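To keep things clear, I will list the structure first and then write my remarks on it.
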Amino acid sequence: MSCSGTIDPVRRLLIIGIGAGDPDHLTFQAAKAIASADAFLIIDKGEEKSDLARLRRDLIEAHARAPYRIVEARDPERDRTAPAYTSAVEDWRSRRARVYESFVTRELADGQTGAILVWGDPGLYDSTLAALEEVDAEFEFEVVPGITSISALTARHRVPLTRVGRPVHVTTGRRLAAEGVTADDVLVMLDAACSFAEAGDDLHIYWGAYLGTPDEILISGPVREVADEIRTARAEARARKGWIMDTYLLRRP
């Protein structure tokens, strides 16, 4: 609001991290941000992932202040069979940017605040901030951090992420398969190929899927002893739900 009492014409966008899946992961800062929004954008990822949208709706209902609007948009399809993985992701991200642009320009009036609820933390393994760089519109945005799947994983396994004097390498299953284990502690995000099984027999794994949700699965132990158990649990869970989000810490004792 300006000194003259007129409404600030700038549109605002809040990118709010909501945690790894437990509604109690929501921070006080995130709850206040939700309460300040006039409209919320929910990306529809299809029936298989409807529970992801449901959690967002539950958090909005619990913390938003009426009147508010919920705007739904279909997530652009991404070519998961493309040999050029990076190019496919960049193309999908550009099309997602157009969804954000439409939300800002068509759904937010001057002076209004919109919000996008991001799984985990917007700064870790998420494309929202990168996509916003491609939005061709006048607006301001703020990022509200959230509890990451990494924090949830180490908390549930009751282990520290870091050890004295040792680095932690955060990577993907695709990069682990290509590069191997590059540190004594490697945190891997989303590994559909279960690349940990080939990472080395001297490693210990702390694995978790659907962290913070009623479907949470936790398995830990020497890789050589639990690799098959994780493969089986992962395949069964994905077949049952139609999707899976998992992460794990590989640690050299």
Side-chain angles (χ1 to χ4, degrees), residues 1-45 49 52-78 86 89-152 170 189:
M1 188 77 72
S2 70
C3 295
S4 63
T6 59
I7 295 177
D8 185 344
V10 177
R11 297 181 178 96
R12 296 178 64 242
L13 195 59
L14 300 173
I15 312 303
I16 306 172
I18 61 173
D22 187 338
D24 288 342
H25 285 173
L26 199 73
T27 66
F28 288 124
Q29 182 185 15
K32 290 179 180 178
I34 291 174
S36 71
D38 300 294
F40 299 86
L41 174 63
I42 293 182
I43 301 294
D44 178 11
K45 293 178 177 289
K49 295 186 178 181
L52 302 181
R54 190 178 306 115
L55 174 63
R56 288 174 168 87
R57 287 182 172 277
D58 289 346
L59 292 175
I60 292 169
E61 182 178 351
H63 300 285
R65 294 179 182 174
Y68 62 84
R69 307 185 314 281
I70 293 179
V71 178
E72 289 191 3
R74 183 71 179 183
D75 194 23
E77 294 293 332
R78 176 158 69 88
T86 301
V89 171
E90 289 175 348
D91 174 70
W92 165 81
R93 190 172 63 198
S94 293
R95 286 182 286 123
R96 175 73 80 85
R98 302 288 77 78
V99 175
Y100 296 153
E101 186 174 307
S102 176
F103 176 63
V104 170
T105 58
R106 298 183 182 182
E107 301 295 341
L108 298 181
D110 290 346
Q112 286 194 323
T113 297
I116 301 174
L117 275 55
V118 174
W119 207 261
D121 180 86
L124 177 70
Y125 206 69
D126 184 83
S127 294
T128 304
L129 299 182
L132 286 177
E133 294 179 0
E134 300 185 33
V135 172
D136 184 17
E138 291 294 328
F139 69 102
E140 295 178 351
F141 74 93
E142 178 183 343
V143 179
V144 178
I147 291 175
T148 68
S149 59
I150 296 175
S151 299
V170 179
M189 311 290 292

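All figures in this text were calculated on a predicted structure; none of them were measured in a lab.
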Evaluate the side-chain contact (heavy atoms from CB on, under 4.5 Å) criterion for residues Leu13 and Val135: first the C-alpha distance (whole Å), next the side-chain angles of each, then the deciding distance (0.1 Å), finally the verdict.
CA-CA 12 Å; Leu13 195 59; Val135 172; over 6 Å; no

Applying side-chain contact (heavy atoms from CB on, under 4.5 Å) to Arg96 and Ile43, what does each step give before you reach the verdict?
CA-CA 9 Å; Arg96 175 73 80 85; Ile43 301 294; 4.1 Å; yes

side-chain contact (heavy atoms from CB on, under 4.5 Å) between Met189 and Ile150, worked out
CA-CA 9 Å; Met189 311 290 292; Ile150 296 175; 4.2 Å; yes

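Of all heavy-atom pairs between Pro122 and Leu129, the closest is O-CD1, 3.8 Å. Shortest non-hydrogen contact noted between Asp121 and Gly146 is OD1-N, 2.8 Å. Heavy atoms only, all atoms of each residue included: Ala33 and Leu14 are closest at O-CD1, 3.4 Å. The minimum heavy-atom distance between Ile16 and Ala115, with the atom names listed, is CD1-CB, 3.9 Å. Residues Gly17 and Leu26 approach most closely at O-CD1, 4.3 Å, considering heavy atoms. Here the closest heavy-atom approach between residue Asp136 and residue Glu101 is recorded as N-OE1, 2.9 Å.
Shown here are the side-chain hydrogen bond (donor to acceptor under 3.5 Å, both in side chains) partners of Gln29, two or more places apart in sequence or in another chain: there are none. In this structure, Asp58 has no salt bridge (charged side-chain N to carboxylate O under 4.0 Å, His left out) partners at least two apart in sequence or on a different chain. In this view, Ser127 and Trp92, Arg93 satisfy the side chain to side chain contact (heavy atoms under 4.5 Å, CB included) rule, not counting sequence neighbours. Taking the side-chain hydrogen bond (donor to acceptor under 3.5 Å, both in side chains) definition, one finds that Glu138 meets it with nothing, sequence neighbours left out. Looking at residues two or more places apart in sequence or on another chain, you find no side-chain hydrogen bond (donor to acceptor under 3.5 Å, both in side chains) involving Arg69.
Ser102 contributes no side-chain N or O that, together with a main-chain N or O of Arg98, makes up a donor-acceptor pair within less than 3.5 Å. A side-chain donor-acceptor contact under 3.5 Å links His25 to the backbone of Ala20. With Arg56 contributing its side chain and Leu117 its backbone, the two residues share a donor-acceptor pair below 3.5 Å.
Between Leu132 atom CG and Ile116 atom CD1 the span is 6.0 Å, to the nearest 0.5 Å. Residue Ile18 holds its CD1 atom at 5.0 Å from CG of Leu55, rounded to the nearest 0.5 Å. Atom OG1 of Thr27 sits about 7.5 Å away from atom CD1 of Ile147, to the nearest 0.5 Å. Taking CZ of Phe40 as the start and CD of Glu107 as the end, the distance is 13.5 Å to the nearest 0.5 Å.
Between Leu41 and Val99, the closest side-chain pair of non-hydrogen atoms falls below 4.5 Å.
Only one option out of Gln112, Arg12, Arg11, Arg65 pairs with Asp38 in a side-chain contact (heavy atoms from CB on, under 4.5 Å); it is Gln112.
Among pairs with a residue in residues 96-129, none fulfils ring pair (Phe, Tyr, Trp, His ring centres under 6.0 Å), at least two apart in sequence or across chains.
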